[in-house]
Each structure stands twice: as C-alpha cells, then as structure tokens.
Amino acid sequence: MLILERKEILRRESRIRLRERAESAHPAKAVDRAQENFLLEFPPLAGKTAALYCALAGEVPTERIRQAYLAGGARLFYPRVTGKGTLAFYPHREGDGWETGPYGILEPSNPAGDEPRLSGLDIVVVPGLAFDRRGNRLGRGFGYYDRFLGGLPEGVPRIGLAWAGQLVPGVPVDAWDVPVHALVTEEGVIRVVKTSGSPET
C-alpha cells in the first residue's frame with residue numbers, strides 16, 4: 001500500500017477518534033493534566049518566544065498554556081494562513097482579537113502593522129492527528145506545518161501536544177515530513193531519541 005493511502009486511512013481513523021472525543025464528556029482532570037505536563041516540562045520564561053495554536057474541538061486545549069506563558073512574560077505567536085500552503089506566525093497578546101481562518105481555525109485578527117515571526121522562536125508547539133514514539137506526526141493533509149517546520153533551525157524544539165489515544169505504533173512518513181522532538185500527553189512526556197543536531201528539550 002502506498003504511503004499516501006496509509007496516511008489517508010490513519011487520518012480518517014484519527015478524525016473519527018477526535019470527533020468522538022469532542023462529542024463526549026471527559027474528566028476535567030485529564031484535560032488539565034496534558035497542559036500541566038507541558039508547563040512542567042517546558043515552563044514559561046520571561047522574554048521567551050513561543051509558537052502556539054488554538055486547538056480545534058477534540059484536541060488538547062491550549063488556553064491554559066497560553067495564560068501561563070503570558071503571565072510568565074513570554075511572547076506568543078499564532079499561525080495565520082497567508083497563502084496556498086503557507087503559514088506565518090503573528091504576535092498575539094492579551095486582549096488581541098481572533099478571526100476564523102479558511103479551515104475553521106482561530107487566527108490572529110488581521111495583524112495590520114505586525115510583522116510575522118520568521119526566526120528566533122524558542123519553542124514551537126505542534127498539533128497533529130496522530131503521533132508515534134519516533135516523533136513522526138500526521139497532520140491534516142495540507143502540509144502547512146511541515147513547510148513551516150522545515151524552514152526552522154534544527155535547534156528549535158518542536159513539541160507535539162496530543163491525547164495519549166492519538167499515539168499510534170507507526171505514522172507513515174514521506175521525505176518532507178518533519179518530526180517533533182517530544183510529545184506531551186495527559187499521561188506524560190515522550191522524548192524522541194535524539195539525533196545529531198537535535199535540541200536538548
């Protein structure tokens with residue numbers, strides 16, 4: 001079976017699981033625990049620059065991480081679709097507005113006068129439909145994050161955030177797929193075996 005076909009099967013299964021999670025009630029403790037694990041492992045630091053995102057229904061929420069990072073003096077940047085297959089990360093501060101992007105994801109409101117962050121990020125938090133223990137990630141199939149991540153220096157930590165149920169034995173990968181360095185779930189932190197040039201996350 002071709003990699004593309006394997007990806008589509010896994011993507012379809014993963015979407016069903018996320019939709020079921022979104023439609024069912026889950027203990028608040030589990031919701032909080034994933035974000036708590038993230039904050040313990042990657043605490044906010046004054047002046048730190050972090051790329052975050054607004055979670056979709058069924059995904060691990062990110063609002064608690066946002067609040068802690070802002071309170072800690074970190075600077076947050078959120079993705080905005082700026083062209084076909086292109087993401088740009090714009091600053092988003094307390095009280096800044098949101099608008100719905102082309103895929104139903106909240107993005108920073110039209111950032112007039114704001115320049116996107118092209119470099120100098122200290123950490124990038126990455127969503128995904130499925131992950132494996134080698135750090136491979138299955139996105140939603142549009143390639144936005146892989147293009148963005150592929151342009152980052154290897155030393156910038158790429159951290160996946162997901163439910164433990166999104167962990168699969170193996171994610172099929174193409175040459176252009178960019179793995180994460182660690183995966184945070186409500187059950188803990190999975191560190192990917194480091195390769196040459198990987199950051200000490």
Side-chain angles (χ1 to χ4, degrees), residues 28 31-83 85-129 131 135 137 139-140 142-163 166 178-186 189 199-201:
V31 172
D32 289 341
R33 199 174 301 125
Q35 294 181 86
E36 285 174 5
N37 289 340
F38 179 92
L39 291 169
L40 285 171
E41 198 74 14
F42 307 101
L45 298 172
K48 189 173 191 175
T49 59
L52 196 56
Y53 61 91
C54 290
L56 291 170
E59 293 180 337
V60 173
T62 58
E63 185 57 29
R64 187 167 178 179
I65 296 170
R66 170 184 171 80
Q67 291 172 357
Y69 265 58
L70 289 175
R75 292 174 292 168
L76 291 181
F77 294 81
Y78 281 76
R80 182 179 172 87
V81 174
T82 55
T86 306
L87 283 181
F89 281 75
Y90 286 89
H92 201 272
R93 298 157 290 261
E94 191 67 45
D96 284 355
W98 301 99
E99 60 185 49
T100 304
Y103 299 103
I105 301 171
L106 290 180
E107 300 180 341
S109 294
N110 191 11
D114 280 335
E115 293 295 325
R117 190 81 179 195
L118 302 176
S119 62
L121 290 166
D122 295 308
I123 187 171
V124 178
V125 189
V126 186
L129 288 172
F131 295 85
R137 165 189 166 273
R140 293 183 177 268
F142 304 108
Y144 285 95
Y145 264 94
D146 285 313
R147 291 185 190 93
F148 171 72
L149 296 174
L152 292 177
E154 179 62 24
V156 177
R158 305 182 296 266
I159 314 301
L161 183 63
W163 302 110
Q166 291 176 259
V178 180
V180 295
H181 297 112
L183 175 64
V184 180
T185 76
E186 74 276 21
V189 179
E200 291 292 330
T201 56

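We count residues from 1, following the sequence as given. In what follows, every heavy atom counts, from backbone to side chain, and hydrogens, waters and symmetry copies are set aside.
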Beyond-backbone contact of [X] with [Y], side-chain heavy atoms, under 4.5 angstrom:
{"X": "L129", "Y": "R140", "result": "yes"}
{"X": "L39", "Y": "E36", "result": "no"}
{"X": "V126", "Y": "L161", "result": "no"}
{"X": "I159", "Y": "V184", "result": "yes"}
{"X": "Y53", "Y": "Y145", "result": "yes"}
{"X": "V81", "Y": "L87", "result": "yes"}
{"X": "R137", "Y": "D146", "result": "yes"}
{"X": "T185", "Y": "N37", "result": "no"}

Looking only at non-hydrogen atoms, find the nearest pair between [X] and [Y] and report the distance.
{"X": "R93", "Y": "P91", "answer": "NH1-CB, 3.5 Å"}
{"X": "L183", "Y": "A162", "answer": "CD1-CB, 4.0 Å"}
{"X": "T62", "Y": "L52", "answer": "O-CD2, 4.0 Å"}
{"X": "P44", "Y": "A68", "answer": "CG-O, 3.5 Å"}
{"X": "L121", "Y": "V124", "answer": "CD1-CG2, 4.0 Å"}
{"X": "A55", "Y": "P61", "answer": "CB-CA, 3.9 Å"}

Does [Y] offer a backbone N or O that forms a donor-acceptor pair with the side chain of [X] under 3.5 Å?
{"X": "R158", "Y": "P179", "result": "yes"}
{"X": "W163", "Y": "A34", "result": "no"}
{"X": "Q67", "Y": "R64", "result": "no"}
{"X": "T49", "Y": "D122", "result": "yes"}
{"X": "Q166", "Y": "G128", "result": "yes"}
{"X": "S109", "Y": "D96", "result": "no"}

Checklist entry - With sequence neighbours left out, what residues match F38 under ring pair (Phe, Tyr, Trp, His ring centres under 6.0 Å)? => result F42

Item to check | Counterpart residues, ring pair (Phe, Tyr, Trp, His ring centres under 6.0 Å), relative to F148 (two or more places apart) | outcome: F89

Next on the checklist: For a side chain to side chain contact (heavy atoms under 4.5 Å, CB included) check, start with the C-alpha distance between I105 and T100, then their side-chain angles and the critical distance, and finish with the verdict.
Outcome noted: CA-CA 6 Å; I105 301 171; T100 304; over 6 Å; no

Item to check | Lys/Arg-Asp/Glu bridge criterion (N-O < 4.0 Å) met for R75, E94 | outcome: no

Item to check | Reported SG-to-OH distance for the pair C54 and Y78, which is rounded to 0.5 angstrom | outcome: 5.5 Å

Item to check | Candidate list E107, R80, R66, test side-chain hydrogen bond (donor to acceptor under 3.5 Å, both in side chains), partner H92, passing option | outcome: R66

